[in-house]
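Input: a single structure, listed below in C-alpha cells.
Note that the numbering runs from 1 along the sequence shown for the chain. Counting starts at 1 for both ligands and their atoms, following the listed order. Reckoned from all heavy atoms, side chains included, excluding hydrogens, waters and symmetry mates.
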Amino acid sequence: MIVFDETRKLFHLKTRHTSYVMDIVDGGWLRHLYWGATLEDWHGAACMPMMDRSFAANPAGTPQDRRFSLDTTAQEYPAHGNSDMREPAVRVASADGARISDLRFISYRIGKGKSHMEGLPSIYVNEDDEAETLDILLRDDLTGLEANLSYSILGDSDAIMRSVRFTNRGKESVTLEQAMSASLDLGGIAGFEALYLPGAWSRERHVERSPLGHYRHVVESRRGASSHQENPFLALLAPDTDETHGQVYAMSLIYSGSFQAFAEVDQFDVTRMAIGLNPFDFSWELAPGEAFQTPEAVLLYTDEGLGQMSRSFHALFRKHLLREPWCDTERPILVNNWEATYFNFDEEKLCHLIDTASDFGMELMVLDDGWFGHRNGDDSSLGDWVEDRAKLPHGLACIADHAKERGIQFGLWFEPEMVSRDSRLYREHSDWVLSAPGRPLTEGRGQYVLDLTRPCVQDYVIEAVASVLKRVSISYVKWDMNRHMTEVYTASLPARRQKETAHRYMLGLYRVLESLHEMFPEVLFESCSGGGGRFDPGMLYYMPQTWASDDSDAVERLAIQYGTSLVYPPQAMGAHVSAVPNHQTGRCEPMATRVLVAMAGTFGYELDITTFSEEERQEVREHIALFKELRSLLFSGELYRLLVPEHHGDAVSWMMVSKDKTHAFLSYVQLLATPNPPHRFLHLQGLDPHRQYRLFERLTTAAEHFPQVPANWPDHSFADGAVFGGDELMRAGIWLPVLMGDYQSFGWELKAVEADEFQEGQEGAGLR
Ligand code: GLA
C-alpha cells in the first residue's frame with residue numbers, strides 16, 4: 001500500500017513487512033525518514049532535527065534558515081552542487097559548464113501496476129493488481145531538467161523497486177554525469193557492516209564482510225560487465241546479523257555493465273547508501289525533449305537475517321524477473337562437452353557422448369566452444385557462426401538429429417558479442433569493434449569486443465544466432481562473453497558523447513537479447529562470462545540461468561554457490577558434476593559429493609561420461625534417478641543455509657524445503673575430517689515445528705571406498721527411516737554422524753508424516 005498524507009506532505013510505502021517513509025520539506029526537497037520493519041504510521045519520533053552546524057552551508061531559497069543544510073538532511077535523491085558535500089545521486093552539467101542542480105518537488109502520482117522499462121531489464125508483473133507505483137516528479141528550475149523518481153511495490157514481496165527517468169524540458173542540452181538508480185540516507189545504523197561479493201575469474205562471489213567507517217565504501221565494476229570481481233549488490237548489516245537473525249538493508253541492480261554501489265557514513269553517523277550506473281567514464285547528453293532512464297534497483301529490508309533476505313530475493317527474481325516459460329519450468333539435466341573434450345572433438349565423439357547421456361537418463365547434450373569456423377583453440381573464428389566441416393562433416397543438424405533419435409535435446413555454445421582477429425567477420429568488418437582512433441587494439445583471449453552500440457552490429461548478431469537456431473533443432477543456448485571492454489570508443493558517436501559508449505553497448509546487448517527472446521521464447525538460454533562474470537539480475541531477465549563459475553571443483557563451488565545464493569535463486573545457478581582430479585584445483589572429491597553440490601543448482605555433468613567404469617555408470621544412473629525424483633522440490637522449494645563456509649570451516653550444509661513444509665532435502669558436505677571428533681549437532685531450518693518428518697538417507701559417500709567409521713560407531717545411516725519432530729530437528733538439532741575422510745557428504749530427504757505413522761517410525765528405527 002502506498003499513501004500520501006497531504007497535511008504532512010508524507011509518503012508511506014508499506015510492503016508486507018516493511019515501511020518506507022519520506023516527506024517533502026519546506027522548499028520542496030525530498031527527505032528520507034525511515035526504512036525498516038512495518039510502522040502503523042510515522043509520527044516523527046526518530047526524525048533528525050534541524051540544527052545550525054558549523055561548515056554546513058545553507059542552500060538559497062526557502063527556508064532562509066541557518067539550521068537547514070542539505071549536507072545535514074537525510075535525502076532521498078541528493079544532487080550535486082548546492083550544499084550537500086556527500087556523494088551525490090545525481091550530477092548534471094548544464095550548457096554553460098556549471099554542474100549544479102537543485103531538484104525540487106513538483107507533483108506525485110500513485111497508481112496500480114508497474115510500467116515496463118523500455119529497453120532495460122526490470123522486475124515485471126503480469127497484472128496491474130500485483131503492484132503499486134509511486135512517481136515523484138522533481139524539477140531543476142534553471143535548466144528545466146525533470147527527474148521522475150519511481151517506487152514500485154508488489155503484493156507478494158518486501159522489495160521496493162526504484163529507478164529514475166530524466167527528461168530535459170529546458171531549451172538547452174544538459175549532460176548527466178552521475179545518475180544513480182537509488183539513494184537514501186539512513187540514520188541509526190552507524191556501526192553496521194557492509195556485505196558484498198568480490199571475486200576473480202574462477203573464484204566469483206566470495207562473501208566478504210567489513211565494518212563501515214567514516215568513509216565511502218565502494219563496490220563497483222569499471223569493466224563494461226558486472227564482472228567476476230564484484231557483483232551489483234551491497235548489503236548493510238547489523239554486526240550480529242547471521243543467517244537467521246538481524247537487520248539487513250540490501251540493494252541489487254538489474255544491470256549487467258559497469259555499476260557502482262556505495263555506503264558513506266557521514267560526520268553525524270548518517271549512512272548514505274546508493275546503487276546505479278558507475279559514474280566512472282560515464283556521461284549522457286540530453287538534448288531538449290530527450291529522456292534517460294536509469295536501470296532499476298531492488299531494495300530489500302529484513303530483520304530476520306541473511307537467510308530471509310535471500311529467500312525474498314529468490315522469490316522476487318523467480319516470479320517477477322525470470323521470464324515465462326522459464327520462471328516455472330524445471331530444467332533438463334544436461335551434459336556439456338567442454339571439460340570432457342575442450343576443442344578436441346569430432347562427430348563420432350559427440351555421438352558417443354549423446355548415446356551415453358541418453359543411456360544414463362540425461363536430457364540435454366550441450367556442444368560447447370569449437371564447433372564453428374576453424375576453431376581448434378581460443379584464438380580464431382569468433383564471429384563466423386557456421387559449423388566447421390572438418391569436425392562436423394555432416395553439420396550441426398546431424399548431431400541435433402542424433403540427439404533427437406536418442407530422446408535428448410541439443411544445445412549449443414555461442415560467444416556472439418565478440419570477434420576473433422582471425423575470422424572472416426573481422427576481415428570484412430574490422431570497423432565493427434570498439435576501438436579508438438589511432439590506438440592499437442587491446443586483445444583479450446585473442447579477441448575484440450563488437451561495437452554493440454551500433455544497430456547494424458546488433459542486427460548482425462541477432463541474425464547470426466537466429467539463423468543457426470532456425471536451421472537446427474536447438475533447445476538450449478550457452479551465451480558466453482570472455483573478455484572485458486578496452487578502447488571504449490565508438491565511431492557512431494561524436495567526441496563529446498563518447499562516455500555514453502559503455503552504457504549504449506549494454507542497451508544494444510539488451511535489444512539483441514530481447515529480440516532473440518521474442519523469436520525463441522522456448523529456447524533455454526544460459527548466460528556465461530568466463531563462468532560467472534556476468535551473474536547479475538540484468539542477464540537473468542533474458543536468460544533464466546547463468547553458469548556460476550569456470551571453477552567446477554565441488555569444494556570451491558561451496559563458497560561460490562554460497563555467495564551466489566545470497567542474491568540469486570538456485571534455479572538460476574548453473575552447476576555441473578565434473579571430473580577428478582578437478583581441472584581447476586587438482587582436488588579429488590567423491591562422486592556423491594560432486595553430485596550433491598551440483599544439485600544445489602541447475603544440475604548437469606561436464607566430464608567425459610563415455611569413459612566411466614561399469615560401477616560408475618550404475619552410480620550415475622542412480623544419481624540421475626534421484627535428481628529426477630527430487631527435481632520439483634529442488635526447483636520450487638525455498639533455500640535455508642544451515643552451515644555457511646565463512647563461519648563453519650569444517651562443513652557446509654543447506655536445505656531446500658517445499659513451500660508447504662511437507663518435503664525437504666538436506667545436504668551436508670564435510671571439508672576436512674577431524675580425528676576423534678566432538679559431538680556435533682545440526683540445527684535444521686524451515687520445517688513446520690508441529691509436524692513430524694521421516695528421514696531417508698538418499699545420498700552418501702560412504703559407499704565410495706572411503707575408510708569407514710569404526711565398526712562399533714553409528715554410521716551415516718544411523719537415522720534412516722526414523723521419524724522426528726520438526727520442532728526438535730530445528731531447536732534441539734540432530735546429532736551429526738561421523739564422516740571418515742575429507743570431502744565426505746550425505747543427502748537426507750525429509751517427508752512429513754501423518755500423526756499415526758509417527759509411532760511406527762520410531763519403533764522401526766529402534767529409536768525409542
Ligand atoms: C568460457 C566458459 C566455459 C567454456 C569456455 C569455452 O570460459 O566459461 O564454460 O564455455 O569459455 O571457450
Side-chain angles (χ1 to χ4, degrees), residues 199-205 223 225-229 231 256 334-345 349-350 353 364-385 387-388 391 410-423 443-449 465 468 474 476-484 524-536 539 543 545-554 556-557 560-561 564 572-579 582-585 594 598 601-608:
W201 172 78
S202 200
R203 283 189 281 109
E204 297 90 337
R205 294 173 298 287
R223 295 169 171 268
S226 51
S227 87
H228 309 83
Q229 287 74 11
N231 197 261
S256 315
L334 66 77
V335 58
N336 178 305
N337 77 310
W338 179 241
E339 287 196 14
T341 66
Y342 296 102
F343 294 103
N344 185 20
F345 60 84
K349 179 72 192 178
L350 296 179
L353 276 169
L364 164 68
M365 149 75 196
V366 178
L367 172 54
D368 209 278
D369 195 356
W371 58 267
F372 50 91
H374 56 276
R375 189 158 161 101
N376 295 312
D378 62 11
D379 54 358
S380 85
S381 307
L382 294 176
D384 300 345
W385 301 109
E387 51 267 64
D388 177 0
K391 281 183 194 161
F410 180 57
L412 200 59
W413 182 95
F414 288 90
E415 194 177 350
E417 298 163 63
M418 299 290 156
V419 61
S420 303
R421 180 157 37 86
D422 175 9
S423 67
E443 285 190 8
R445 209 194 190 201
Q447 63 200 48
Y448 307 131
V449 184
V465 176
V468 179
I474 286 169
Y476 162 107
V477 166
K478 179 174 172 187
W479 183 291
D480 212 337
M481 195 283 276
N482 278 310
R483 61 159 292 181
H484 292 144
L524 172 59
F525 280 82
E526 177 158 344
S527 156
C528 175
S529 172
R534 237 174 16 188
F535 206 132
D536 59 65
M539 294 312 278
M543 310 197 194
Q545 57 193 55
T546 300
W547 178 225
S549 178
D550 274 349
D551 195 335
S552 61
D553 174 83
E556 290 300 305
R557 275 298 188 112
I560 294 168
Q561 296 183 179
T564 306
M573 188 164 66
H576 301 166
V577 176
S578 64
N582 177 267
H583 293 192
Q584 291 79 37
T585 60
R594 287 175 276 149
T602 55
F603 193 63
Y605 288 77
E606 188 164 336
L607 73 174
D608 193 349

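- Within 4.0 Å of ligand 1, contacts by protein heavy atoms are made from W338, D368, D369, W413, R445, K478, D480, N482, C528, G530, G531, W547, D550.
- Salt bridge absent: R483 and D378 never bring a charged side-chain N and a carboxylate O closer than 4.0 Å.
- The side-chain hydrogen bond (donor to acceptor under 3.5 Å, both in side chains) search around W385 returns none, not counting sequence neighbours.
- In summary, of the residues considered (D369, L607, V366), a side chain to side chain contact (heavy atoms under 4.5 Å, CB included) with W338 occurs for D369 alone.
- Partners of Q229 under the side chain to side chain contact (heavy atoms under 4.5 Å, CB included) rule, at least two apart in sequence or in another chain, are R223, S227, H484.
- Atoms CE and CZ, from M543 and R534 in turn, are 7.0 Å apart once rounded to the nearest 0.5 Å.
- For Y448, the side-chain hydrogen bond (donor to acceptor under 3.5 Å, both in side chains) criterion is met by R421, E443, not counting sequence neighbours.
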